[in-house]
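Have a look at the structure below before the remarks.
Quick caveat: nothing in here was measured; it's all calculated off a predicted structure.
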Amino acid sequence: MVGGQGLDHPGVLGPCNYIRKLCSLGWVPPNHMYFGYYATLVMFQKGGEHWKEWNEAMKAQLLPTQCKGGANDGSWNPDDNPDIGSRVMTTALCCMCLEVYYRYLPLYRD
């Protein structure tokens, strides 16, 4: 269940389809990682093609944007809006997105 609803409930399916549309338009993290993290959680629970598309697009965006070398090696640059997070917060959210399948069990199986 997501928000107390089954995965095919319109209140779950609608947002998942919206996130899937964002993904098809090329919008995925690291911008606004707070949204990206929760989008990752709901897409993981939804599973199937929703999760497959989101996960591939997310990895394709996050892995190349990770800082390589220098003082910030291994971290991610903060979101575009400095009022909503720092390098530490952005890096933590990016890591949690990439490890969601190690931290949670799917609520439903296909």
Side-chain angles (χ1 to χ4, degrees):
M1 280 190 220
V2 177
Q5 302 299 326
L7 294 176
D8 291 327
H9 185 276
V12 175
L13 192 55
C16 286
N17 287 336
Y18 177 74
I19 294 167
R20 194 175 186 185
K21 182 178 179 181
L22 290 177
C23 183
S24 72
L25 296 172
W27 189 94
V28 290
N31 292 329
H32 308 290
M33 278 309 302
Y34 191 76
F35 170 83
Y37 173 66
Y38 285 101
T40 300
L41 286 177
V42 74
M43 295 300 266
F44 174 71
Q45 292 302 335
K46 177 66 179 137
E49 289 300 311
H50 285 78
W51 169 244
K52 183 179 177 183
E53 288 177 24
W54 176 260
N55 190 40
E56 290 304 315
M58 179 191 54
K59 289 189 299 186
Q61 179 68 32
L62 288 183
L63 296 176
T65 60
Q66 188 175 20
C67 296
K68 296 164 184 71
N72 297 320
D73 189 29
S75 69
W76 277 268
N77 290 322
D79 288 335
D80 292 336
N81 183 350
D83 295 333
I84 60 171
S86 63
R87 177 175 301 282
V88 172
M89 180 180 154
T90 300
T91 299
L93 290 170
C94 289
C95 289
M96 289 191 301
C97 284
L98 292 169
E99 64 184 24
V100 70
Y101 22 66
Y102 300 114
R103 298 178 56 240
Y104 296 98
L105 293 173
L107 296 174
Y108 296 96
R109 299 277 180 190
D110 289 339

Worksheet item: Which atom pair, heavy atoms only, marks the closest approach of Thr90 to Asn77?
Response: CG2-O, 3.3 Å
Fill in: Pairs involving residues 54-70, ordered by first then second residue, that meet salt bridge (charged side-chain N to carboxylate O under 4.0 Å, His left out) (sequence neighbours left out)
Glu56-Lys59
Worksheet item: If you measure from SG on Cys95 to CD on Gln66, what distance do you get to the nearest 0.5 Å?
Response: 7.0 Å
Discussion item. Quick one, Asn55 and Val100 - any side-chain contact, counting heavy atoms below 4.5 Å?
Written reply: no
Fill in: Distance (rounded to the nearest 0.5 Å) between Met58 CE and Tyr37 OH
11.5 Å
Discussion item. Quick check: do Val42 and Pro15 have side-chain heavy atoms less than 4.5 Å from each other?
Written reply: no
Worksheet entry | For Arg87 against Cys67, the heavy-atom pair lying closest together | NH1-SG, 3.7 Å
Discussion item. For the OH atom of Tyr101 and the OG1 atom of Thr40, what is their distance to the nearest 0.5 Å?
Written reply: 9.5 Å
Item to complete: Only counting residues at least two apart or in another chain, list the ones meeting side chain to side chain contact (heavy atoms under 4.5 Å, CB included) with Tyr38.
Response: Tyr34, Leu41
Discussion item. Could you walk me through whether Leu93 and Phe35 satisfy the side chain to side chain contact (heavy atoms under 4.5 Å, CB included) test, starting with their C-alpha distance in whole Å, then the side-chain angles of each, then the deciding distance to 0.1 Å, before giving a yes or no?
Written reply: CA-CA 10 Å; Leu93 290 170; Phe35 170 83; over 6 Å; no
Worksheet entry | Residue list, side chain to side chain contact (heavy atoms under 4.5 Å, CB included) with Leu13, at least two apart or on another chain | Asn17, Lys46, His50
Worksheet item: Any side-chain heavy atom of Glu49 sitting closer than 4.5 Å to one from Arg20?
Response: yes
Worksheet item: Linking I/L/V/M/F/W/Y whenever their side-chain heavy atoms sit closer than 4.5 Å, directly or via other members, would Leu62 and Val88 fall into one cluster?
Response: no
Worksheet item: Do Cys23 and Met43 have side-chain heavy atoms sitting under 4.5 Å apart?
Response: no
Worksheet item: By side chain to side chain donor-acceptor pair (under 3.5 Å), which residues pair with Glu99, not counting sequence neighbours?
Response: none
Item to complete: With sequence neighbours left out, write down each residue that passes side chain to side chain donor-acceptor pair (under 3.5 Å) with Thr91, or none if nothing qualifies.
Response: none
